[in-house]
Amino acid sequence: MNALVINCSPVRNGATAWITSFIADRLKKKEIFDAVSETCIDDYRFSFCRGCRVCHSTAACVQHDDVSLLMSRFDRADVLVFVSPSYWADVPAQFKAFIDRCTPWCNTHEPHASLRSGKKGYAVALRTGPGLKECERIISTVEHFLGHLEIRCGGIGEIVEELGK
């Protein structure tokens, strides 16, 4: 089994990067994983979605950039963990732009590209301040995205249990 832990922040050396590495290190200690890798959304170059909707009939984007590269990493992973900070009460713009560009893989239209089935995804939200609403919104954004990729979402209890073993 393979895991991919994604730093959804454009900052490669901040708190989100630290949590991403912490989770990846804990998963590497699990005997169930053959490989655990981590990546940062800022390691990839891609443009905003143009809204042309060509992908709704072709299952492919007209733009050719790093989105396909990151999606191939998604396809190889059995477990995906998204670690996101709060930028104005939601995911960072760079990650949201990536989500928008994943429309060719989303089940909102036919035909659509697809990933291998049986994947599980987790959302981890970071923010400063006392309120949980921002964290809930981030988790909701990630879970909505995963749902359209047909990736089953795991709850916080599951990931805490996995990391604690």
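For reference, positions follow the sequence shown, starting with 1. Keep in mind that this is a model prediction, so the values were computed, not measured. Below, each value reflects all heavy atoms present in this structure, side chains not excepted, and no hydrogens, waters or symmetry copies.
Looking at residues two or more places apart in sequence or on another chain, you find a side chain to side chain donor-acceptor pair (under 3.5 Å) between K120 and E158. In this view, E143 satisfies the side chain to side chain donor-acceptor pair (under 3.5 Å) rule with no residue, not counting sequence neighbours. C8 meets the side-chain contact (heavy atoms from CB on, under 4.5 Å) test with I6, F82, S84, F95; sequence neighbours excluded. A search for side chain to side chain donor-acceptor pair (under 3.5 Å) contacts involving N107 returns H148, E150, not counting sequence neighbours. The salt bridge (charged side-chain N to carboxylate O under 4.0 Å, His left out) check on R73 picks up nothing, with sequence neighbours excluded. Taking the side chain to side chain donor-acceptor pair (under 3.5 Å) definition, one finds that D43 meets it with R12, sequence neighbours left out.
With I23 as the fixed residue, the side-chain contact (heavy atoms from CB on, under 4.5 Å) test singles out one of T20, I19, D25: I19.
By the 4.0 Å N-to-carboxylate-O rule, K96 lies close enough to D100 to be salt-bridged with it. Between R137 and D90 a salt bridge is recorded (basic side-chain N to carboxylate O distance below 4.0 Å).
With rounding to the nearest 0.5 Å, the separation of NZ in K30 from CE in M1 is 11.0 Å. Note that SG of C61 and CE of M71 are 11.5 Å apart. Values are rounded to the nearest 0.5 Å. Rounded to the nearest 0.5 angstrom, R127 CZ and Y87 OH are separated by 14.0 Å. In this structure, L70 CG and C102 SG are separated by 7.0 Å, a value rounded to the nearest 0.5 Å.
Heavy atoms from other residues, nucleotides or ligands lying under 6.0 Å from NZ of K28 number more than 12. Within a 6.0 Å sphere centred on CD of E31, other residues, nucleotides and ligands contribute 12 heavy atoms or fewer.
For an aromatic pair to be called close, the ring centres must be under 6.0 Å apart, and Y44 with F74 fails this.
Using a 4.5 Å heavy-atom cutoff, the side chains of Q63 and F48 are not in contact.
Nearest heavy-atom pair across K119 and L80 is CD-CD1, 4.4 Å. For the pair N7 and T16, the tightest heavy-atom approach, listed with the atom from each and the gap, is OD1-CG2, 3.2 Å. Considering every non-hydrogen atom in both W105 and S114, the closest pair reads CD1-N, 4.0 Å. Residues I41 and S9 come closest through the heavy atom pair CG2-O, 3.6 Å. Nearest heavy-atom pair across T103 and H56 is CG2-NE2, 3.7 Å. Closest non-hydrogen pair, R101 versus S47, comes out as NH1-O, 2.9 Å.
Without hydrogens or angle criteria, R152 side chain to G118 main chain gives no donor-acceptor distance under 3.5 Å. The backbone N or O of L146 sits nowhere less than 3.5 Å from a side-chain atom of H144 that would complete a donor-acceptor pair. In terms of modelled atom types and a separation under 3.5 Å, the side chain of D65 and the main chain of F46 share no donor-acceptor contact. Between the N13 side chain and the A17 main chain, no donor and acceptor come within less than 3.5 Å of each other. Using a distance-only test at 3.5 Å, with no hydrogens or angles considered, no donor-acceptor pair links the side chain of N2 to the main chain of D78. In this structure a side-chain-to-backbone donor-acceptor pair under 3.5 Å is missing from S21 to W18.
For the 3.5 Å distance criterion, the side chains of S86 and E134 qualify, holding a donor opposite an acceptor.
I151 is connected to V67 through a chain of hydrophobic side-chain contacts under 4.5 Å among Ile, Leu, Val, Met, Phe, Trp and Tyr, so both are in one cluster. A continuous path of Ile, Leu, Val, Met, Phe, Trp and Tyr side chains, each step under 4.5 Å between heavy atoms, connects I138 with F145, placing both in one hydrophobic cluster. The hydrophobic clustering, which links ILVMFWY residues whose side-chain heavy atoms are closer than 4.5 Å, places F22 and V124 together. Cluster annotation: V5 is not connected to L149 through the hydrophobic network of ILVMFWY side chains, with a link wherever side-chain heavy atoms come within less than 4.5 Å. When the side chains of ILVMFWY residues are joined at heavy-atom separations under 4.5 Å, either directly or via intervening members, V91 and Y122 end up in two distinct hydrophobic clusters.
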